[in-house]
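The block underneath contains the structure these notes are about, expressed in C-alpha coordinates.
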There are 2 protein chains.
Amino acid sequence: MAHSASTDAEPTVAVAIDDPGIEGGADLSRFQCEVIDIFVRVADLLGIPKSVGEIYGLLYASARPLAFQDIVERLGMSKGSASQGLRMLRATGAVRLVYVPGRRRDHFLPETELRALLSGFLKEKVQPHFESGALRIKSLQALVRSSSLAGKEGPEMALLRERVNKLGAWQKKGGAIIPLIAKFFG
Amino acid sequence: MAHSASTDAEPTVAVAIDDPGIEGGADLSRFQCEVIDIFVRVADLLGIPKSVGEIYGLLYASARPLAFQDIVERLGMSKGSASQGLRMLRATGAVRLVYVPGRRRDHFLPETELRALLSGFLKEKVQPHFESGALRIKSLQALVRSSSLAGKEGPEMALLRERVNKLGAWQKKGGAIIPLIAKFFG
DNA sequence: TCTTTAGTTCAAATAATCTTGAACAAAATG
DNA sequence: CATTTTGTTCAAGATTATTTGAACTAAAGA
(Lines give C-alpha, C1' and ligand atoms only; values in the text may rest on other atoms or scores of the structure.)
Protein backbone atom coordinates (compact mmCIF):
# COMPACT_ATOMS: atom_id res chain seq x y z
CA MET A 1 0.00 0.00 0.00
CA ALA A 2 2.91 2.27 0.67
CA HIS A 3 3.77 1.81 -2.94
CA SER A 4 0.40 2.63 -4.41
CA ALA A 5 1.83 5.87 -5.78
CA SER A 6 4.76 4.45 -7.66
CA THR A 7 2.77 2.63 -10.26
CA ASP A 8 3.70 0.40 -13.16
CA ALA A 9 6.98 1.41 -14.77
CA GLU A 10 8.39 3.15 -11.72
CA PRO A 11 10.44 0.85 -9.52
CA THR A 12 11.58 2.88 -6.57
CA VAL A 13 15.25 3.59 -6.47
CA ALA A 14 15.00 2.22 -2.99
CA VAL A 15 15.16 -1.18 -4.54
CA ALA A 16 18.59 -0.54 -5.96
CA ILE A 17 20.19 -0.47 -2.54
CA ASP A 18 17.84 -2.59 -0.54
CA ASP A 19 16.96 -3.00 3.08
CA PRO A 20 13.53 -1.53 3.60
CA GLY A 21 14.22 0.71 6.56
CA ILE A 22 11.87 1.32 9.43
CA GLU A 23 10.24 4.61 8.56
CA GLY A 24 6.63 5.60 9.20
CA GLY A 25 4.33 4.10 6.63
CA ALA A 26 6.80 4.07 3.79
CA ASP A 27 9.70 2.02 2.56
CA LEU A 28 12.90 3.90 2.47
CA SER A 29 16.08 2.11 1.63
CA ARG A 30 18.96 2.18 4.03
CA PHE A 31 20.69 4.44 1.57
CA GLN A 32 17.84 6.90 1.58
CA CYS A 33 17.60 6.87 5.34
CA GLU A 34 21.25 7.72 5.65
CA VAL A 35 21.07 10.55 3.18
CA ILE A 36 17.94 11.94 4.77
CA ASP A 37 19.57 11.75 8.13
CA ILE A 38 22.47 13.84 6.90
CA PHE A 39 20.20 16.54 5.54
CA VAL A 40 18.06 16.58 8.66
CA ARG A 41 21.17 17.40 10.63
CA VAL A 42 22.23 20.08 8.22
CA ALA A 43 18.75 21.56 8.41
CA ASP A 44 18.94 21.59 12.16
CA LEU A 45 22.29 23.35 12.02
CA LEU A 46 20.81 25.99 9.75
CA GLY A 47 17.70 26.39 11.85
CA ILE A 48 15.43 24.88 9.22
CA PRO A 49 12.59 22.52 10.15
CA LYS A 50 13.38 18.86 10.17
CA SER A 51 10.61 18.07 7.73
CA VAL A 52 12.25 20.30 5.16
CA GLY A 53 15.51 18.45 5.57
CA GLU A 54 13.68 15.17 5.16
CA ILE A 55 12.07 16.23 1.93
CA TYR A 56 15.25 17.53 0.43
CA GLY A 57 17.13 14.46 1.59
CA LEU A 58 14.60 12.14 0.02
CA LEU A 59 14.79 13.97 -3.28
CA TYR A 60 18.56 14.00 -3.13
CA ALA A 61 18.61 10.26 -2.55
CA SER A 62 16.20 9.54 -5.38
CA ALA A 63 17.44 9.02 -8.88
CA ARG A 64 14.35 10.53 -10.42
CA PRO A 65 11.91 13.34 -9.70
CA LEU A 66 9.24 12.56 -7.13
CA ALA A 67 5.64 13.69 -7.05
CA PHE A 68 4.03 15.35 -4.07
CA GLN A 69 2.21 12.16 -3.26
CA ASP A 70 5.41 10.11 -3.32
CA ILE A 71 6.98 12.41 -0.80
CA VAL A 72 4.03 12.25 1.54
CA GLU A 73 3.90 8.48 1.40
CA ARG A 74 7.55 7.64 1.58
CA LEU A 75 8.24 9.97 4.45
CA GLY A 76 4.97 9.19 6.19
CA MET A 77 4.47 12.91 6.58
CA SER A 78 1.26 14.91 6.54
CA LYS A 79 0.21 16.67 3.36
CA GLY A 80 0.34 19.93 5.23
CA SER A 81 4.00 19.54 6.16
CA ALA A 82 4.93 18.39 2.70
CA SER A 83 3.16 21.34 1.14
CA GLN A 84 4.80 23.87 3.40
CA GLY A 85 8.18 22.24 3.22
CA LEU A 86 8.13 22.14 -0.55
CA ARG A 87 7.10 25.76 -0.66
CA MET A 88 10.11 26.73 1.41
CA LEU A 89 12.40 24.60 -0.70
CA ARG A 90 11.08 26.16 -3.88
CA ALA A 91 11.34 29.65 -2.42
CA THR A 92 15.05 29.16 -1.77
CA GLY A 93 15.60 27.43 -5.07
CA ALA A 94 16.62 24.18 -3.41
CA VAL A 95 14.01 22.28 -5.34
CA ARG A 96 12.27 22.83 -8.62
CA LEU A 97 9.32 21.47 -10.54
CA VAL A 98 9.84 19.41 -13.62
CA TYR A 99 7.31 18.16 -16.07
CA VAL A 100 7.23 14.41 -16.37
CA PRO A 101 5.61 13.16 -19.59
CA GLY A 102 2.59 10.99 -19.14
CA ARG A 103 2.06 11.98 -15.53
CA ARG A 104 -0.68 14.10 -14.15
CA ARG A 105 1.15 16.27 -11.71
CA ASP A 106 4.47 17.95 -11.70
CA HIS A 107 7.39 16.31 -10.02
CA PHE A 108 10.14 17.72 -7.84
CA LEU A 109 13.84 17.70 -8.52
CA PRO A 110 16.55 18.79 -6.09
CA GLU A 111 19.04 21.48 -6.96
CA THR A 112 22.40 19.83 -6.49
CA GLU A 113 24.77 22.72 -7.05
CA LEU A 114 26.10 23.82 -3.71
CA ARG A 115 26.58 27.32 -4.96
CA ALA A 116 22.95 27.67 -5.92
CA LEU A 117 21.74 26.13 -2.70
CA LEU A 118 23.88 28.38 -0.63
CA SER A 119 23.07 31.55 -2.43
CA GLY A 120 19.38 30.75 -2.24
CA PHE A 121 19.66 30.20 1.46
CA LEU A 122 21.68 33.31 2.04
CA LYS A 123 19.42 35.48 -0.05
CA GLU A 124 16.27 34.20 1.55
CA LYS A 125 17.25 33.69 5.16
CA VAL A 126 20.29 35.77 5.92
CA GLN A 127 20.24 38.82 3.69
CA PRO A 128 17.00 40.24 5.11
CA HIS A 129 18.42 40.22 8.62
CA PHE A 130 21.48 41.98 7.39
CA GLU A 131 19.43 44.69 5.80
CA SER A 132 17.25 45.40 8.79
CA GLY A 133 20.37 45.21 10.92
CA ALA A 134 22.01 47.92 8.88
CA LEU A 135 19.18 50.33 9.60
CA ARG A 136 19.21 49.46 13.24
CA ILE A 137 22.90 50.18 13.53
CA LYS A 138 22.58 53.45 11.71
CA SER A 139 19.98 54.61 14.18
CA LEU A 140 22.26 53.55 17.00
CA GLN A 141 25.04 55.62 15.56
CA ALA A 142 22.70 58.56 15.37
CA LEU A 143 21.76 58.03 18.99
CA VAL A 144 25.35 57.93 20.13
CA ARG A 145 26.20 60.98 18.10
CA SER A 146 23.36 62.99 19.58
CA SER A 147 24.26 61.98 23.11
CA SER A 148 27.76 62.98 22.36
CA LEU A 149 26.69 66.40 21.17
CA ALA A 150 24.54 66.77 24.24
CA GLY A 151 27.79 67.22 26.13
CA LYS A 152 27.91 63.78 27.69
CA GLU A 153 31.45 63.26 26.48
CA GLY A 154 33.97 61.34 28.53
CA PRO A 155 36.14 58.26 28.33
CA GLU A 156 33.24 55.87 28.78
CA MET A 157 31.23 57.60 26.16
CA ALA A 158 34.18 57.39 23.80
CA LEU A 159 34.49 53.67 24.39
CA LEU A 160 30.85 53.09 23.65
CA ARG A 161 30.99 55.17 20.52
CA GLU A 162 33.95 53.09 19.52
CA ARG A 163 31.94 49.93 20.04
CA VAL A 164 29.06 51.18 17.99
CA ASN A 165 31.45 51.96 15.19
CA LYS A 166 32.86 48.48 15.46
CA LEU A 167 29.36 47.15 15.13
CA GLY A 168 29.00 49.11 11.91
CA ALA A 169 32.24 47.63 10.66
CA TRP A 170 31.07 44.10 11.44
CA GLN A 171 27.88 44.72 9.60
CA LYS A 172 29.79 45.93 6.60
CA LYS A 173 32.23 43.04 6.58
CA GLY A 174 29.45 40.58 7.03
CA GLY A 175 27.64 42.00 4.05
CA ALA A 176 30.83 41.81 2.02
CA ILE A 177 31.53 38.20 2.78
CA ILE A 178 28.20 36.87 1.60
CA PRO A 179 28.98 37.23 -2.09
CA LEU A 180 32.50 36.00 -1.46
CA ILE A 181 31.19 32.79 0.01
CA ALA A 182 28.96 32.32 -2.98
CA LYS A 183 31.96 32.89 -5.21
CA PHE A 184 34.08 30.44 -3.26
CA PHE A 185 31.59 27.72 -3.94
CA GLY A 186 31.00 28.74 -7.54
CA MET B 1 16.50 49.51 44.22
CA ALA B 2 17.25 48.41 40.74
CA HIS B 3 20.48 50.23 41.20
CA SER B 4 21.51 48.58 44.43
CA ALA B 5 24.26 46.75 42.57
CA SER B 6 25.94 49.77 41.09
CA THR B 7 27.16 51.23 44.32
CA ASP B 8 29.05 54.38 45.17
CA ALA B 9 31.68 55.16 42.58
CA GLU B 10 30.00 53.26 39.76
CA PRO B 11 27.54 55.37 37.84
CA THR B 12 25.91 53.13 35.30
CA VAL B 13 26.73 53.93 31.74
CA ALA B 14 23.02 53.92 31.38
CA VAL B 15 23.09 57.40 32.79
CA ALA B 16 25.35 58.60 30.02
CA ILE B 17 22.65 58.11 27.42
CA ASP B 18 19.55 58.39 29.49
CA ASP B 19 15.99 57.35 29.09
CA PRO B 20 15.38 54.54 31.54
CA GLY B 21 13.83 52.01 29.21
CA ILE B 22 11.02 49.68 30.10
CA GLU B 23 12.79 46.46 30.94
CA GLY B 24 11.83 43.95 33.65
CA GLY B 25 13.04 45.04 37.04
CA ALA B 26 16.04 46.96 35.84
CA ASP B 27 16.92 50.25 34.28
CA LEU B 28 18.47 49.92 30.90
CA SER B 29 19.21 53.02 28.90
CA ARG B 30 17.70 53.42 25.49
CA PHE B 31 21.16 52.87 24.13
CA GLN B 32 21.54 49.58 25.93
CA CYS B 33 18.12 48.41 24.87
CA GLU B 34 18.96 49.04 21.25
CA VAL B 35 22.25 47.24 21.43
CA ILE B 36 20.73 44.32 23.26
CA ASP B 37 17.99 44.14 20.72
CA ILE B 38 20.54 43.86 17.93
CA PHE B 39 22.34 41.01 19.63
CA VAL B 40 19.14 39.21 20.45
CA ARG B 41 18.36 39.15 16.75
CA VAL B 42 21.81 37.96 15.85
CA ALA B 43 21.50 35.23 18.44
CA ASP B 44 18.21 34.17 16.98
CA LEU B 45 19.75 34.02 13.51
CA LEU B 46 22.51 31.81 14.85
CA GLY B 47 20.13 29.61 16.79
CA ILE B 48 21.39 30.79 20.14
CA PRO B 49 19.03 31.41 23.06
CA LYS B 50 17.69 34.89 23.44
CA SER B 51 18.99 35.19 26.98
CA VAL B 52 22.51 34.67 25.72
CA GLY B 53 22.07 37.48 23.24
CA GLU B 54 20.75 39.70 25.98
CA ILE B 55 23.72 39.07 28.21
CA TYR B 56 26.26 39.66 25.50
CA GLY B 57 24.39 42.75 24.34
CA LEU B 58 24.33 44.21 27.82
CA LEU B 59 28.04 43.65 28.24
CA TYR B 60 28.72 45.10 24.83
CA ALA B 61 26.71 48.18 25.68
CA SER B 62 28.43 48.67 29.01
CA ALA B 63 31.62 50.64 29.27
CA ARG B 64 32.93 48.54 32.11
CA PRO B 65 32.88 44.92 33.20
CA LEU B 66 29.74 43.78 34.94
CA ALA B 67 29.33 41.33 37.77
CA PHE B 68 27.02 38.37 37.67
CA GLN B 69 24.62 40.15 39.96
CA ASP B 70 24.54 43.25 37.74
CA ILE B 71 23.55 41.14 34.79
CA VAL B 72 20.76 39.42 36.67
CA GLU B 73 19.36 42.68 37.95
CA ARG B 74 19.66 44.82 34.89
CA LEU B 75 18.17 42.23 32.61
CA GLY B 76 15.60 41.09 35.14
CA MET B 77 16.62 37.54 34.37
CA SER B 78 16.80 34.52 36.64
CA LYS B 79 20.10 33.51 38.13
CA GLY B 80 19.76 30.19 36.37
CA SER B 81 19.57 31.74 32.93
CA ALA B 82 22.40 34.10 33.64
CA SER B 83 24.57 31.30 34.88
CA GLN B 84 23.92 29.08 31.88
CA GLY B 85 24.15 31.92 29.42
CA LEU B 86 27.46 33.09 30.81
CA ARG B 87 28.78 29.58 30.69
CA MET B 88 27.97 29.33 27.00
CA LEU B 89 29.50 32.72 26.32
CA ARG B 90 32.65 31.76 28.13
CA ALA B 91 32.81 28.42 26.36
CA THR B 92 32.83 30.15 22.98
CA GLY B 93 35.20 32.84 24.15
CA ALA B 94 32.62 35.58 23.63
CA VAL B 95 33.03 36.75 27.19
CA ARG B 96 35.81 36.50 29.69
CA LEU B 97 36.34 37.05 33.36
CA VAL B 98 38.38 39.96 34.58
CA TYR B 99 39.53 40.74 38.02
CA VAL B 100 38.29 44.05 39.32
CA PRO B 101 40.29 45.42 42.24
CA GLY B 102 38.38 45.93 45.43
CA ARG B 103 35.44 43.82 44.35
CA ARG B 104 34.51 40.45 45.69
CA ARG B 105 33.56 38.57 42.59
CA ASP B 106 34.93 38.48 39.13
CA HIS B 107 33.42 40.60 36.43
CA PHE B 108 32.61 39.85 32.82
CA LEU B 109 34.00 41.56 29.78
CA PRO B 110 32.83 40.99 26.21
CA GLU B 111 35.22 39.92 23.50
CA THR B 112 34.85 42.57 20.83
CA GLU B 113 37.03 41.18 18.08
CA LEU B 114 34.78 39.78 15.39
CA ARG B 115 37.40 37.31 14.39
CA ALA B 116 37.62 35.83 17.84
CA LEU B 117 33.87 35.74 18.25
CA LEU B 118 33.40 34.05 14.96
CA SER B 119 36.11 31.49 15.38
CA GLY B 120 34.82 30.65 18.82
CA PHE B 121 31.37 30.13 17.46
CA LEU B 122 32.54 28.08 14.54
CA LYS B 123 34.80 25.92 16.63
CA GLU B 124 32.18 25.28 19.26
CA LYS B 125 28.98 25.02 17.27
CA VAL B 126 29.81 24.23 13.68
CA GLN B 127 33.01 22.24 13.62
CA PRO B 128 31.62 19.27 15.59
CA HIS B 129 28.82 18.83 13.09
CA PHE B 130 31.30 18.92 10.27
CA GLU B 131 33.36 16.23 11.85
CA SER B 132 30.54 13.82 12.54
CA GLY B 133 29.22 14.64 9.07
CA ALA B 134 32.47 13.56 7.53
CA LEU B 135 32.21 10.11 9.08
CA ARG B 136 28.62 9.81 8.04
CA ILE B 137 29.42 10.59 4.44
CA LYS B 138 32.29 8.14 4.40
CA SER B 139 30.01 5.37 5.52
CA LEU B 140 27.55 6.38 2.82
CA GLN B 141 30.27 6.12 0.22
CA ALA B 142 31.10 2.69 1.51
CA LEU B 143 27.46 1.72 1.27
CA VAL B 144 27.16 2.92 -2.29
CA ARG B 145 30.37 1.20 -3.26
CA SER B 146 29.28 -2.12 -1.83
CA SER B 147 25.92 -1.94 -3.56
CA SER B 148 27.74 -1.15 -6.70
CA LEU B 149 29.96 -4.18 -6.34
CA ALA B 150 26.93 -6.30 -5.60
CA GLY B 151 26.10 -5.97 -9.25
CA LYS B 152 23.35 -3.43 -8.91
CA GLU B 153 24.96 -1.18 -11.47
CA GLY B 154 22.87 0.89 -13.86
CA PRO B 155 22.30 4.50 -14.84
CA GLU B 156 20.31 5.28 -11.71
CA MET B 157 22.91 3.73 -9.51
CA ALA B 158 25.56 5.80 -11.26
CA LEU B 159 23.61 8.97 -10.66
CA LEU B 160 23.26 8.24 -6.97
CA ARG B 161 26.91 7.43 -6.63
CA GLU B 162 27.61 10.71 -8.30
CA ARG B 163 25.45 12.50 -5.78
CA VAL B 164 27.16 10.87 -2.87
CA ASN B 165 30.48 11.97 -4.25
CA LYS B 166 29.15 15.47 -4.60
CA LEU B 167 28.16 15.32 -0.96
CA GLY B 168 31.73 14.43 -0.12
CA ALA B 169 32.94 17.40 -2.13
CA TRP B 170 30.56 19.74 -0.32
CA GLN B 171 31.78 18.48 2.98
CA LYS B 172 35.34 19.09 1.97
CA LYS B 173 34.72 22.56 0.66
CA GLY B 174 32.74 23.46 3.72
CA GLY B 175 35.58 22.38 5.92
CA ALA B 176 37.97 24.43 3.86
CA ILE B 177 36.00 27.61 4.03
CA ILE B 178 35.78 27.77 7.81
CA PRO B 179 39.38 28.87 8.30
CA LEU B 180 39.05 31.17 5.30
CA ILE B 181 36.18 32.99 6.91
CA ALA B 182 38.17 33.37 10.09
CA LYS B 183 41.01 34.77 8.03
CA PHE B 184 38.73 37.17 6.19
CA PHE B 185 37.71 38.70 9.46
CA GLY B 186 41.20 38.63 10.94
C1' DT C 1 -21.83 19.51 -15.09
C1' DC C 2 -20.86 16.29 -11.45
C1' DT C 3 -17.36 13.57 -9.38
C1' DT C 4 -12.80 12.50 -8.20
C1' DT C 5 -8.11 13.52 -7.43
C1' DA C 6 -4.47 16.88 -6.04
C1' DG C 7 -2.75 20.28 -3.20
C1' DT C 8 -3.17 24.50 0.01
C1' DT C 9 -4.41 26.77 4.27
C1' DC C 10 -4.71 27.48 8.93
C1' DA C 11 -6.32 26.55 13.66
C1' DA C 12 -5.32 23.26 17.08
C1' DA C 13 -2.27 19.63 18.92
C1' DT C 14 2.41 18.21 19.61
C1' DA C 15 7.04 18.56 20.28
C1' DA C 16 11.24 21.01 21.11
C1' DT C 17 13.51 24.60 23.50
C1' DC C 18 14.23 28.01 26.91
C1' DT C 19 13.49 29.98 31.44
C1' DT C 20 12.57 29.83 36.08
C1' DG C 21 13.03 28.80 40.92
C1' DA C 22 14.34 26.28 44.63
C1' DA C 23 17.66 23.24 46.58
C1' DC C 24 22.41 22.79 46.79
C1' DA C 25 27.64 23.77 46.81
C1' DA C 26 31.51 26.95 47.33
C1' DA C 27 33.73 30.75 48.98
C1' DA C 28 34.12 34.81 51.72
C1' DT C 29 33.08 37.07 56.17
C1' DG C 30 32.73 37.80 61.01
C1' DC D 1 33.01 27.49 62.61
C1' DA D 2 28.62 29.52 61.89
C1' DT D 3 26.73 32.74 58.77
C1' DT D 4 26.09 35.21 54.73
C1' DT D 5 26.85 35.99 50.08
C1' DT D 6 27.59 34.15 45.44
C1' DG D 7 26.82 31.11 41.91
C1' DT D 8 25.42 26.30 39.90
C1' DT D 9 22.29 22.55 38.80
C1' DC D 10 18.32 20.59 37.23
C1' DA D 11 13.35 19.31 37.35
C1' DA D 12 9.17 21.60 36.38
C1' DG D 13 6.86 25.25 34.00
C1' DA D 14 6.47 28.56 30.18
C1' DT D 15 7.24 29.64 25.64
C1' DT D 16 8.00 28.99 20.74
C1' DA D 17 8.15 26.43 16.73
C1' DT D 18 6.61 22.59 14.07
C1' DT D 19 3.36 19.17 12.59
C1' DT D 20 -1.04 17.52 11.90
C1' DG D 21 -5.72 17.13 10.15
C1' DA D 22 -9.73 18.70 8.36
C1' DA D 23 -12.04 22.05 5.62
C1' DC D 24 -11.43 24.20 1.36
C1' DT D 25 -9.98 25.45 -3.64
C1' DA D 26 -8.41 24.03 -8.14
C1' DA D 27 -7.89 21.10 -11.84
C1' DA D 28 -8.88 16.67 -14.35
C1' DG D 29 -11.92 13.05 -15.85
C1' DA D 30 -16.38 11.00 -16.85
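Just so it is clear: chains get the letters A, B, ... in the order the sequence lines come, proteins before strands, and each one is counted from 1. Computed from heavy atoms alone, side chains included, the values below leave out hydrogens, waters and symmetry copies.
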* Asked: With a 4.5 Å limit on heavy-atom distance, are the side chains of A:Pro110 and A:Tyr56 in contact?
  -> yes

* Separation of A:Leu75 atom CG from D:dT19 atom P, in whole Å? -> 11 Å

* Centroid-centroid distance, A:Phe68 to A:Phe108, less than 6.0 Å -> no

* To do: Would you classify A:Ser51 as touching base, sugar-phosphate or nothing, given that sugar-phosphate means primed atoms plus P, OP1 and OP2, and contacts are heavy atoms under 4.0 Å?
  => sugar-phosphate

* Structure fact -> Closest of D:dG7, C:dT17, D:dA28 to the B:Arg105 side chain is D:dG7

* For the side chain of A:Phe68, counting heavy atoms from C-beta on, which of C:dG7, D:dT5, D:dC10 is nearest? -> C:dG7

* Nearest listed nucleotide, side chain of B:Ser83, among C:dT17, D:dT20, D:dT8 -> D:dT8

* Structure fact -> A:Glu54 atom CD is separated from D:dT20 atom P, nearest whole Å, by 8 Å

* Could you state the CG-C1' distance from B:Leu97 to D:dT6, rounded to the nearest angstrom? -> 13 Å

* To do: Check the distance between D:dA17's P and A:Asp44's CG and give it to me in whole angstrom.
  => 15 Å

* To do: Starting at atom CG of A:Leu66, determine the distance to atom C1' of C:dG7, rounded to an integer number of angstrom.
  => 16 Å

* To do: Send over the distance from A:Met88 CE to D:dA17 P, rounded to a whole Å.
  => 12 Å

* Look only at the side chain of B:Ser147 and the backbone of B:Val144, and say whether a donor-acceptor pair between them is shorter than 3.5 Å. => no

* Are the side chain of B:Tyr60 and the backbone N or O of B:Val35 linked by a donor-acceptor pair below 3.5 Å? -> no

* To do: Figure out the CD/P separation between B:Gln69 and D:dT4, and round it to whole Å.
  => 17 Å

* Structure fact -> Sorted by position of nearest nucleotide on DNA chain D, 5' first, the leading residue of B:Phe108 and A:Ala82 is B:Phe108

* Asked: Between B:Glu34 (side chain) and A:Arg136 (backbone), is there a donor-acceptor pair under 3.5 Å?
  -> no

* To do: Select one nucleotide: of C:dC18, C:dA27, C:dG21, the one nearest the side-chain heavy atoms of B:Ser78.
  => C:dG21

* Upstream residue (5' side of DNA chain C) when A:Gly80 and A:Lys50 are each assigned their closest nucleotide -> A:Gly80

* Structure fact -> Closest to the side chain of A:Gln84, out of C:dC10, D:dC10, D:dA27, is C:dC10

* For A:Pro49 and for B:Arg90, find the nucleotide of DNA chain D with the closest heavy atom, then tell me which residue's nucleotide is more 5'. => B:Arg90

* **Closest to side chain of B:Lys79, choosing from C:dT19, D:dG7, D:dT20** => D:dG7

* For B:Lys125 and C:dT17, give me the distance from atom NZ to atom P, rounded to whole Å. => 12 Å

